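Notes for the one structure printed next.
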Amino acid sequence: MGSFATHRLRAHDRTRSPVRRFGALRTCLGEFAPYGFSATYHHLCRSAGIPAAPGMDPEAVVRAVEELHAAREIWRAEFRGWQVRRRAQKAAGVRVPDPPALRRVLRYPDPECHPAEPLAAVMPLILRAPAGDLSACPVCGPGRGTRPWHDGLTAHRLCTGCGASLAVRPPEPAPALGAARAER
């Protein structure tokens, strides 16, 4: 498997078939997806106008991969700064990174609900989001409110403005499972 940069170049390669260029975009999404794979894919399909048949507009893949690349460059610049600070901490004998490693994903469990702004505009807000359950949305700010959303396995508390998961509640075990455990 190649790197993000390799597949980005493949998405630009006009000698490749539109389907293979589209496959290169999907591989780039496997490497870097700030909203999670499905929500980032949905966002790029909307923002770049990727049609259902990639052959109808082959340049849409290029627009999508370039938007993804711009957001990734913002993340990489921030990560390089964190690496320098972390190396200094290690040299000083600090075993636990302070601050912890950068987050590059703010979970958007509902793939059709995500910010409409370009990824590069939202990426700095995602990078500054604290880990764990959030009291306010780092993208929309406080006061937007929340709504419940269930993906069939886990209950989420989503921001009503952009759909970011602010809190996750693990599923409760089925009563029969609890009884079987108690019996064992």
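On a predicted model such as this, the values are computed, not experimentally measured, just so you know. Just the heavy atoms: all of them, side chains too, but no hydrogens, waters or symmetry mates, feed the values below.
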| query | With no hydrogens and no angle check, do the side chains of Q83 and R80 hold a donor and an acceptor under 3.5 Å apart? | reply | no
| task | Apply side chain to side chain contact (heavy atoms under 4.5 Å, CB included) to L106 and L134, showing your working. | result | CA-CA 11 Å; L106 187 60; L134 305 170; 4.0 Å; yes
| said: Please say yes or no: joined through hydrophobic side-chain contacts below 4.5 Å, possibly via intermediate residues, are L166 and W149 part of one cluster? | reply: no
| said: I'd like to know whether D110 forms a salt bridge (Lys or Arg N to Asp or Glu O under 4.0 Å) with R147, so could you lay out the CA-CA distance, the side-chain angles of the two residues, the decisive distance to 0.1 Å, and finally the verdict. | reply: CA-CA 12 Å; D110 182 358; R147 66 180 172 94; 3.7 Å; yes
| Which pair of heavy atoms, one from A164 and one from Y108, lies closest together, and at what distance? | N-CE2, 3.3 Å
| Residues H42 and H114: side-chain donor-acceptor under 3.5 angstrom | yes
| Minimum-distance pair of heavy atoms, taken over all atoms of P115 and V139 | CG-CG1, 4.1 Å
| message | Does this structure show an ion pair linking R8 with E66, if we count only N-O contacts that are shorter than 4.0 Å? | response | yes
| remark: Of all heavy-atom pairs linking M123 and P34, the shortest is SD-CB, 3.8 Å
| Side-chain contact, heavy-atom cut-off 4.5 Å: P109 with H156? | yes
| said: With clusters defined by side-chain heavy atoms of hydrophobic residues (ILVMFWY) lying less than 4.5 Å apart, directly or transitively, does V62 cluster with L29? | reply: no
| request: Using a 4.5 Å cut-off on heavy atoms from C-beta on, say whether the side chain of R14 contacts that of R21. | output: yes
| task | For P111 and S38, work out which heavy atoms get closest and say how close. | result | CB-CB, 3.7 Å
| field | Where I126 and Y35 come nearest, the two heavy atoms and their spacing | value | CD1-CE2, 3.7 Å
| message | I'd like to know if E73 and R76 make a salt bridge, using a cut-off of under 4.0 Å between side-chain N and carboxylate O. | response | yes
| Heavy-atom pair of closest approach, residues L158 and S165 | CD2-CA, 3.7 Å
| query | With a 3.5 Å cut-off and no angle check, do the side chains of S47 and E67 form a donor-acceptor pair? | reply | yes
| query | Do T15 and R20 touch side chain to side chain, with heavy atoms closer than 4.5 Å? | reply | no
| message | A side-chain contact here means heavy atoms from C-beta on lying under 4.5 Å apart; do E31 and H7 qualify? | response | no
| task | Please tell me if the side chains of R85 and W82 come closer than 4.5 Å, counting only heavy atoms from C-beta onward. | result | yes
